[in-house]
Number of protein chains: 2
Amino acid sequence: MTNDLLIKHISRNLTFSKTEQEEFCKYFFLESIEKKAFLLQQGQVCKFEGFVVEGCFRIFTIDKKGNENTLYFAAKDWWLMDIDSFMNHKPSDLNIQALENSKVLIISQKDKSTLYDSLPVAEKFFRIMFQKSIVAWQRRLIRNHSLTAKERYSHFIENYPEIASKLTDRQTSSYLGITHEFLSKIKKKSQAQ
Amino acid sequence: MTNDLLIKHISRNLTFSKTEQEEFCKYFFLESIEKKAFLLQQGQVCKFEGFVVEGCFRIFTIDKKGNENTLYFAAKDWWLMDIDSFMNHKPSDLNIQALENSKVLIISQKDKSTLYDSLPVAEKFFRIMFQKSIVAWQRRLIRNHSLTAKERYSHFIENYPEIASKLTDRQTSSYLGITHEFLSKIKKKSQAQ
DNA sequence: GAAAAATGTTGAACAAGTTCAACTCGACTA
DNA sequence: TAGTCGAGTTGAACTTGTTCAACATTTTTC
């Protein structure tokens, strides 16, 4: 079952009964996305939430100067959406693009509200997920303020080696908040040592 | 009642019945904190969650070089805690300090679990709060990557004038991720124009 | 399999932001 | 009342990271 991964993921955080597991999973359907295809493009309203089963995605914005800014990467076991757009029914600033052929368990916005109503423990589950997510955002902000580009790069490849290995330097640099030219220079320097 | 503000705050996001409001509020107690006093210091485990009723707080870390890094400011109507420490019962990296004489509605960790169990709609409420918080963190990260220090400063004082007016330049600069010397130079330049 | 397009590399000039040290000013304290 | 302490200012030298342009290399596309 493709839902096995989702159930395992839930169980890492909370104990669901068999019935609860089934109720939770029944709203999700599996979708395959080809490399380079977009699950969401800026301007669209995000009407789904996704859980990555296979592959990898990049979530990024494009600013006024045309620079891409990567918010995060989502590999297997990660959730995927534009929360702002999803919550407030407004056009998204984000692009969600597959970095390779991928599979995602999708739940529609409508079904998500139904799920919350029918299964109170789903509220608890997502409340915990969101809490964890905040911790990650806070830590990333502190790293951005207190570490140099080189230190952030090292941190990234050490902590997310599987993701890092799938990326082009341009994608990595847009996550770190530096230019790709400078990343190239950082890499050269660390080789030299 | 000191709980009026809390009830108003909830109502902005969700509709609670009178009974639910009472059940929700009964776990909170009001605490007064003097200017410069700490609600939490790094090394301690965060065993509470707070809702600011009056005053203002600064939540910050101190890194290895001794630099202060402000995560956020919490004025009236904001929530206050170290989520990581609270969730995982581990020593906090954060300091929560009152910038002026302040009042906070406090709920203990123990009562928070009781509240979640006794009032399912509390799960929904905090789930929504956390979602909103993530949106704010994501936006801040993008600003940090795509705007200059001067632009971030302008954004801050335009969007949070009440908070900004209470801060010293050192506090502001530690929020923006720059040195206080550089903030001083930014301010001088924008005066000149 | 060739052409086109995107990716990575390098250097030189530049801009943004830091560091350190010296100085001013007010506020609190003995 | 003097003294100290923390906050803000300024300048000079420095470091980090950017920009632009040229070129090499790989990947994609037809």
Side-chain angles (χ1 to χ4, degrees), chain A residues 34-38 56 58 60 62-70 73 95 97-101 141-157 164-193, chain B residues 34-37 56 58 60 62-70 73 95 97-101 141 143-157 164-193:
Chain A
E34 283 200 353
K35 182 172 178 170
K36 291 195 178 172
F38 286 86
C56 190
R58 182 166 75 103
F60 65 100
I62 302 175
D63 67 22
K64 288 163 194 168
K65 298 169 202 155
N67 294 319
E68 291 189 1
N69 206 299
T70 298
F73 300 102
N95 301 280
Q97 187 178 26
L99 295 177
E100 52 189 32
N101 293 339
L141 189 94
I142 290 174
R143 284 198 303 274
N144 271 311
H145 279 178
S146 60
L147 302 183
T148 63
K150 189 181 172 178
E151 289 168 332
R152 274 177 279 147
Y153 174 64
S154 303
H155 179 276
F156 179 61
I157 56 173
S165 66
K166 292 176 181 174
L167 305 177
T168 66
D169 282 2
R170 285 173 133 88
Q171 290 163 345
T172 305
S173 65
S174 78
Y175 173 83
L176 297 173
I178 57 176
T179 59
H180 65 275
E181 292 99 330
F182 191 55
L183 177 56
S184 175
K185 285 160 195 173
I186 287 174
K187 288 174 77 173
K188 196 188 175 189
K189 266 196 182 174
S190 39
Q191 274 176 5
Q193 286 161 0
Chain B
E34 284 199 352
K35 182 172 175 169
K36 292 193 182 175
C56 190
R58 182 166 75 103
F60 65 100
I62 302 176
D63 68 22
K64 288 164 196 168
K65 299 169 202 155
N67 294 319
E68 291 188 1
N69 206 300
T70 298
F73 300 102
N95 301 280
Q97 187 178 27
L99 295 177
E100 52 189 32
N101 293 339
L141 187 95
R143 285 197 302 273
N144 271 311
H145 279 179
S146 61
L147 302 183
T148 64
K150 189 182 172 178
E151 290 168 332
R152 274 177 278 149
Y153 174 64
S154 302
H155 179 275
F156 179 59
I157 56 174
S165 66
K166 292 175 182 176
L167 305 177
T168 66
D169 281 2
R170 286 173 133 87
Q171 291 164 345
T172 305
S173 65
S174 78
Y175 173 83
L176 297 174
I178 57 177
T179 59
H180 64 276
E181 292 99 329
F182 191 57
L183 177 55
S184 175
K185 285 161 195 173
I186 287 174
K187 288 173 78 173
K188 196 190 175 190
K189 266 197 183 173
S190 39
Q191 273 174 8
Q193 286 162 358

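Reminder, nothing fancy here: chain letters follow the sequence lines and each chain counts from 1. Being a predicted model, the structure only gives us computed values, none of them experimental.
When the salt bridge (charged side-chain N to carboxylate O under 4.0 Å, His left out) test is applied to B:Glu151, no partner is found at least two apart in sequence or on another chain. A search for side chain to side chain contact (heavy atoms under 4.5 Å, CB included) contacts involving A:Lys65 returns A:Asp63, A:Asn67, not counting sequence neighbours. Remark: A:Ser184 pairs with no residue by the side chain to side chain contact (heavy atoms under 4.5 Å, CB included) rule, at least two apart or across chains. Partners of B:Gln97 according to the side chain to side chain contact (heavy atoms under 4.5 Å, CB included) rule, which considers only residues two or more places apart in sequence or in another chain, are B:Lys36, B:Phe38, B:Arg58, B:Phe60. Evaluation of the side chain to side chain contact (heavy atoms under 4.5 Å, CB included) rule for A:Ala149 yields A:Arg152, A:Ile178, A:Phe182, A:Ile186 as partners, not counting sequence neighbours. Take B:Lys185 and apply the salt bridge (charged side-chain N to carboxylate O under 4.0 Å, His left out) test, not counting sequence neighbours, and it matches no residue.
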Detail all sub-3.5 Å separations between protein N/O atoms and N/O atoms belonging to nucleotides 17-22 of chain C.
residue: C:dG17; atom: OP1; partner: B:Ala149; partner atom: N; Å: 3.3
residue: C:dT18; atom: OP2; partner: B:Thr179; partner atom: N; Å: 3.1
residue: C:dT18; atom: OP2; partner: B:Thr179; partner atom: OG1; Å: 3.2
residue: C:dT19; atom: O4; partner: B:Lys185; partner atom: NZ; Å: 3.3

Can you pull every protein N or O that's under 3.5 Å from an N or O on nucleotides 28-30 of chain C?
none

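B:Asn101 contributes no side-chain N or O that, together with a main-chain N or O of B:Glu34, makes up a donor-acceptor pair within less than 3.5 Å.
B:His180 has its NE2 atom 13 Å from the C1' atom of C:dC23, to the nearest Å. Protein atom CD of B:Glu151 is 16 Å distant from nucleotide atom P of C:dA15, rounded to whole Å. Taking atom CG of residue B:Asn144 and atom P of nucleotide D:dG17, one finds them 14 Å apart after rounding to whole Å. The NZ atom of B:Lys189 sits 12 Å away from the P atom of D:dG11 (whole-angstrom rounding). Taking atom OH of residue A:Tyr153 and atom C1' of nucleotide C:dG8, one finds them 12 Å apart after rounding to whole Å.
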- B/S/- along nucleotides 23-30 of chain D (protein heavy atoms under 4.0 Å) is -----S--
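Atom CD1 of B:Ile62 and atom CD of B:Glu68 lie 5.0 Å apart (nearest 0.5 Å). With rounding to the nearest 0.5 Å, the separation of NZ in A:Lys166 from CZ in A:Phe73 is 11.5 Å. Distance check: B:His145 NE2 to A:Leu176 CG gives 7.5 Å after rounding to the nearest 0.5 Å. Rounding to the nearest 0.5 angstrom, the gap separating the CZ atom in A:Arg143 from the CG atom in B:Asn69 is 12.0 Å.
For the pair B:Leu167 and B:Tyr175, the minimum side-chain heavy-atom distance is 4.5 Å or more.
Taking a 4.0 Å limit (strictly below) on heavy-atom distances, residues 167-175 of chain A reaches DNA chain C at A:Thr168, A:Asp169, A:Arg170.
Overall bending of the helix from C:dG1-D:dC30 to C:dA30-D:dT1, expressed as the angle between end axes built from five pairs apiece, is 50° (10° steps).
Applying the salt bridge (Lys or Arg N to Asp or Glu O under 4.0 Å) test to pairs two or more places apart or on separate chains, those with a residue in residues 169-183 of chain A are A:Asp169-A:Lys187.
Residue A:Ala164 comes nearest to A:Ile157 through the heavy atom pair CB-CG2, 3.8 Å, listed as atom of the first residue, atom of the second, then distance.
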